[in-house]
Amino acid sequence: MLNIVLFGPPGAGKGTQSELLIAKYNFKHLSTGDIFRANIKNETELGKLAKSYMDHGKLVPDEVTIQMLEAEVNKANSTVGYIFDGFPRTKAQAHALDAFLATKNTSITLMLALEVQEPELRTRLAERAKTSGRPDDAEPSVIQKRIDVYNNETMPVKAYYQTQNKYIGVDGIGTVDAVFNRLIEPLSKLEV
Ligand code: ADP
């Protein structure tokens, strides 16, 4: 099994690249943002709770997010492996993920990180706001909050995987195909 954490700030291209990775490798895609948005659409209790955080650019509390993620992994039951997109976003989530995967006799293979600088992120998110219909893309102050949350709460997750020798940073600037080719280079060296 191959389990990838696709990492990067809001607007780095995680969703786009996940789709290409799935098409090539048959991974099961688990995007916590997508799962929360599906819950919001279906007006579930979880959706109502998540929305109250997401609309302000804040993280949904760890306990809720971890529990949801574990339930989704159990439901998916993949034998190929998973792409974790937007998770883990805090060190507590990273610890929980390691412990949970260990109970399944598997582990994170690599963290692939899309590296994109802040001015470019702001431009991309403003552009995405025109079509995404996402309230958290529409408001510049919410975009800034998400970037701040990323820098303060999510960046430490990078060091967590670096100490495990699992971190690979990839330049996220360029065409979708160019970035994809950079992402799959380290994967081509593994057996999949
Ligand atoms: P982006 O990467 O563009 O910010 P996502 O769809 O990954 O978009 O996340 C949107 C929002 O969903 C986040 O701002 C946050 O409120 C919530 N969210 C997603 N993943 C997590 C997570 N792992 N922990 C806490 N909140 C999360």
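Atoms within a ligand are numbered from 1 in the order they appear, just like the ligands themselves. Quick note: numbers below take in every heavy atom, side chains included, and nothing from hydrogens, waters or symmetry partners. Residues take their numbers from the sequence shown, with the count starting at 1.
- Taking the side chain as every heavy atom from C-beta outward, Val157 and Met155 never approach each other to under 4.5 Å.
- None of Leu97, Ile66, Asp62 except one satisfies the side-chain contact (heavy atoms from CB on, under 4.5 Å) rule with Pro88; the exception is Leu97.
- Nearest heavy atom pair, residue Tyr161 against residue Ala94, reads OH-CB, 4.1 Å.
- Ring centroid separation for the pair His29 and Phe84 does not come in under the 6.0 Å cut-off.
- Counting heavy atoms from C-beta outward, Tyr53 and Leu59 have side chains that stay 4.5 Å or more apart.
- Using a 4.5 Å heavy-atom threshold, the side chains of Met68 and Ile35 count as touching.
- Protein residues are said to neighbour a ligand when one of their heavy atoms lies under 4.0 Å from it; for ligand 1 these are Pro10, Gly11, Lys14, Thr32, Gly33, Phe36, Arg37, Met54, Lys58, Leu59, Val60, Thr65, Gly86, Phe87, Arg89, Gln93, Arg128, Arg134, Asp136, Arg146.
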